[in-house]
Amino acid sequence: MKIFGGIQKRISNLNSDHIAIARGMIWVALFVFLGKIAGAAKEMAIAYRYGISNEVDAYLFVFNLLSWPVSVWFSILTYVLVPLAVRIRENTPAELSRFRAELLAFALVLGVNLALLAWFGLPVLLRSSWLGLSAPTVSIATAIVPMMAALAPLGLLVSLFSAWMLSSGRHANTLLESVPAIAILVAVLAIPQNGVEPLVWGTLAGFMMHSLALASPLAWNRELEIPRFTSRSSQWPSFWQGFGVMLIGSGLGSFNGIIDQFFAAKLGVGAITTISYANRILALILGLGATAIGRATLPVFSRMKSKNTEQLQRVAMFWVWLMLAIGVVTMIISWWLAPWIVKLLFERGAFTVADTIVVTDIFRYGLGQVPFYFPSLALVTLLASHGKQKLIAISGATNLFVKTGANYFLIPLLGVKAILLSSGIMYMVSLFLLYWFATSLSKSKQTT
């Protein structure tokens with residue numbers, strides 16, 4: 001009885017902020033898990049139908065290039081807009097409606113311009129001999145660019161709607177991230193047409209349904225405004241203050257995937273697809289933890305910043321060390337289960353036993369990033385809650401240089417494996433740098 005009494009006392013003494021983070025993390029993790037099941041089913045269907053092929057190489061190359069500006073945009077919104085929206089709701093809620101309307105208009109204009117740039121620019125890039133893509137891959141990729149260009153505006157809208165939902169403390173956007181995967185799964189299995197078209201049409205349909213699924217609850221809660229093509233909101237200076245810094249940092253940091261593609265393209269047919277299969281499994285692991293960490297901690301940290309900075313630092317560091325421990329355990333278990341995971345997900349149809357061996361080997365090299373990635377996300381949200389976007393940008397820029405350098409020196413020694421190993425090196429350096437930033441921030445607060 002004393003043991004249970006002690007446990008009950010510890011639970012009752014838990015800080016309410018820890019409870020809020022844990023509650024949010026549980027819901028987000030559940031939604032991410034459901035979404036990742038849909039994603040895994042999609043990858044199984046692609047592996048069954050296409051295996052390691054020119055079609056998947058071409059599709060992934062174009063998709064990843066178009067996803068890069070979208071991921072930069074979402075990163076900016078997450079670490080600039082979400083804390084800003086929390087402050088607006090607390091201090092000047094009447095200004096939120098106009099700012100939403102003007103930001104939506106900005107996203108639409110930006111998306112259309114990115115689509116036009118992709119439509120005319122990507123074919124020129126794809127035909128460049130220095131990329132090293134095979135002729136069939138270039139031909140397929142060039143043909144799908146006009147259709148895939150629509151992903152730019154759709155992706156920007158999805159990111160904006162997701163950020164608004166996150167800023168209000170709702171996590172349904174995480175569950176809805178499974179919509180594109182489900183659409184691609186249905187298209188790959190249901191459309192009998194040969195070639196890459198089922199992947200393309202499924203992707204476009206998935207992004208359109210995703211944007212509508214996010215817009216509907218926002219409209220229901222009167223949080224979706226008619227676009228205003230002006231910039232009269234008083235919140236724009238605060239937004240631009242963090243936007244420019246995060247644009248540079250996130251742009252450089254998220255460019256790592258593009259850098260990997262350029263290196264992989266020179267390693268022969270199937271290299272991009274092989275890395276993609278390994279990364280898809282890593283995404284199941286990293287996404288489950290990282291999405292839960294970022295989306296559960298950022299709203300709480302942002303609210304705590306205006307009330308108790310010292311308490312915020314203690315709460316954040318608790319979650320940093322907890323995520324480090326969880327990351328180590330996850331890495332060890334995943335290493336041991338790697339052959340069975342790859343076989344269960346992919347080994348059927350055009351995906352052979354030999355492919356399983358190759359992907360398993362590469363996947364294990366990528367697991368080195370897991371222990372460093374989880375705590376890094378908690379540190380990033382801590383810095384974002386303090387408005388330290390410049391420090392986050394420095395970390396993103398450092399990541400790019402570390403990643404590129406590691407690829408350059410390790411690929412001649414390890415081949416494709418080096419691309420995954422370099423990610424672990426990059427996140428290790430990032431963790432130490434972010435931890436230094438966070439502790440320096442705490443010391444500066446104590447001295448003032």
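Just so it is clear, the model here is predicted, and its values are computed rather than measured. Throughout, residue positions are numbered sequentially from 1 according to the sequence presented.
Between the side chain of Glu102 and the backbone N or O of Phe99 there is no donor-acceptor pair closer than 3.5 Å. At distances below 3.5 Å, at least one donor-acceptor pair connects side-chain atoms of Ser422 with backbone N or O atoms of Ala418.
Taking all atoms of both residues into account, the shortest heavy-atom contact from Phe74 to Ala163 is CE1-N, 4.4 Å. Listed here is the closest heavy atom pair of Asp361 and Tyr365: O-CD1, 3.1 Å.
Using a 30° and 60° split on the angle between ring planes, Phe106 and Trp73 fall in the tilted class, from 30° to 60°. Taking the six-membered ring where tryptophan is involved, the planes of Phe239 and Phe243 are tilted, since the angle between them lies from 30° to 60°.
Side-chain contact annotation: Tyr50 with Thr273, donor-acceptor N/O pair under 3.5 Å absent. A donor-acceptor contact under 3.5 angstrom links the side chains of Thr352 and Asp355, judged on distance only.
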Only pairs under 3.5 Å count here: list side-chain donor-acceptor contacts from residues 322-339, not counting sequence neighbours, and write none if there are none.
unit_1: Thr330; atom_1: OG1; unit_2: Ile326; atom_2: O; d: 2.7
unit_1: Ser334; atom_1: OG; unit_2: Thr330; atom_2: O; d: 2.8

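From Ile285, atom CD1 reaches atom OH of Tyr373 across 12.5 Å, with rounding to the nearest 0.5 Å. From Arg364, atom CZ reaches atom CG of Leu282 across 12.5 Å, with rounding to the nearest 0.5 Å.
Annotation: side chain to side chain donor-acceptor pair (under 3.5 Å) contacts involving residues 337-347, sequence neighbours excluded, comprise Glu347-Thr356.
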